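A quick note: this is a predicted structure, and the numbers were derived from the prediction, not measured. Note that ligands are numbered from 1 as they come in the structure, with each ligand's atoms numbered from 1 the same way.
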Amino acid sequence: MPIQIRPSRFRDAGLRPIAEKVLAGRRLGVEDGLALYGTHDILSLGELAAFANERLNGDRVFFSANQHINPTNVCILRNTCVFCSFARMPKEEGAYTRSLEEVYHEAEQARHGPTREFHIVGGLHPKLRLSYYTDMLEGLKERFPHIHIKALTAVEIAHLARIEKISEREVLVRLRDAGLTSMPGGGAEVFSTAVRATIAERKLTGDEWIRVHRTAHELGIPTNCTMLYGHVETAADRIEHLTMLRALQDETGGFLTYIPLAYHTENNELAEDLGRVGSATTGYEDLKNIAIGRLFLDNIPHIKTHWPMVTPFMSQVVLDFGCDDVEGTVVYERIYHEAGAKTQMHMPYGGLVQLIRGAGKRPVERDSLYRPVRESFDDLPVLTTGPGASLPVVHAA
Ligand code: V47
């Protein structure tokens, strides 16, 4: 039964004109975005976002069988990206840099499983050259020709261009020739100059992040985009960020999915400075950021929930708030676990199917370019909601 919207019944009357725009397929403006962030009528907001999503994706929810690989946590921005718990100085306790053999060894996990994508990101290492990454991609392609490689954030691309003294375009071309087919959306944080001055002073600017993604899109490399929320940013900063993403998408059409990322507060200086250690974003904020992403980014086809970050439980609920894309099997998740995530690192393939079915949606396994690769899961057990229904991955309190 398709979702029916009745704006006249919305508790927050301020959402009614926005609902009329959404129903008519008209674009939302900055003021609309601010009104959405300001509302406490979360159910109407969710209903609207679910409507917008249904128009694009029906009742399909996409997921992928992927494996995250983080070749190094050494990062020259260690002391200035104060929200990050993953980075280390080269000689700091816990710092690591994998040899290529070690990367291939970790990738062997994919040998007998369903994995179709490697997701590779890490720190800005002062000494690792572009050849380390191109050799890595070639070596992975040789060993796993059928596995798609999504690798390196815009921040890593800009860093490699700087240390190699070549253009970002050239870095991307060499990576593409070595086997890269798409890029993840990390490093965007919040584009506002004032926010970046506080949380990521020496990271590339918002305009530079956009420039790298534009170049990737021009070269035929599709990318993802993200926003890190729940630290010092305001609603106006979030809407400015989304506006910049939407503008690039109008220009290139190269973004595949948008992933709002919830700030985690363990083991980083920002949380200590803000007196926020142990206090994460709320479920309410998590729902809002998914729903507003769906409504504002009318030209980005998918909105993804990163279950290791918001828990599988919340990832299931957001499927009724405009989300149609669930992060994959992951296998090893380090960035959020360093920052205090209590979820497990790996979601079994069947667990993803179950999570999506449990919300009454139709699971679709996709490849990295969102082409469906499997839509029938009749051989997997069906668990519906109600007594006895459970997800195999539990959020340890
Ligand atoms: O850019 C770092 C974020 C991002 C913290 O493209 C933190 O498919 C919260 O971008 N609390 C990297 N967030 C992860 C990322 C990603 C994840 C899943 C899928 C995709 C994709 C991309 O993690 C960083 C930063 O925004 N991050 N530290 C923290 N303490």
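Shortest contact from atom 26 (O) of ligand 1 to any protein heavy atom: Glu189 OE1, 2.4 Å. Closest to atom 16 (C) of ligand 1 among all protein heavy atoms lies His119 CE1, 4.3 Å.
With Glu189 as reference, Lys203 is the one residue of Lys203, Arg196, His231 to meet the side chain to side chain donor-acceptor pair (under 3.5 Å) rule. Of the options His119, His68, Glu156, a side chain to side chain contact (heavy atoms under 4.5 Å, CB included) to Pro184 is made by His119 and by none of the others.
For Tyr370 and His302, the ring centers are positioned less than 6.0 Å apart.
Residue contacts with ligand 1, taken as heavy atom pairs separated by less than 4.0 Å, involve Ala262 solely via the backbone atoms N, CA, C and O. Heavy atoms of Ala339 found under 4.0 angstrom from ligand 1 belong exclusively to the side chain. At a heavy-atom distance under 4.0 Å, only side-chain atoms of Glu327, from C-beta outward, approach ligand 1. Here Ile259 has side-chain heavy atoms under 4.0 Å from ligand 1, and that is the only part of it that gets that close. The proximity of His306 to ligand 1, defined as any non-hydrogen pair under 4.0 Å, is limited to the side chain. Proximity of Phe86 to ligand 1, defined as any heavy-atom pair under 4.0 Å, is not found for any part of the residue.
Look at Asp367 and Arg116 and you find no salt bridge, because none of the NZ, NE, NH1 or NH2 atoms lies under 4.0 Å from a carboxylate O. Taking a cutoff of 4.0 Å between a charged side-chain nitrogen and a carboxylate oxygen, Glu54 and Arg294 do not qualify as a salt bridge. A salt bridge between Arg334 and Glu106 is present, with a side-chain N of the basic residue lying under 4.0 Å from a carboxylate O of the acidic one.
Each of Val317 and Phe62 belongs to its own hydrophobic cluster when Ile, Leu, Val, Met, Phe, Trp and Tyr are linked at side-chain heavy-atom distances under 4.5 angstrom.
The ligand atoms of ligand 1 that sit less than 4.0 angstrom from a heavy atom of Asn268 are 30 (N).
Nearest-residue assignment for atom 15 (C) of ligand 1 (options Thr223, Val155, Leu261; heavy-atom criterion): Leu261.
Side-chain atoms of Asn224 and Thr257 form no donor-acceptor pair, as typed in the model, at a separation below 3.5 Å.
Residue-ligand proximity: Tyr263 is placed with a non-hydrogen atom under 4.0 Å from ligand 1.
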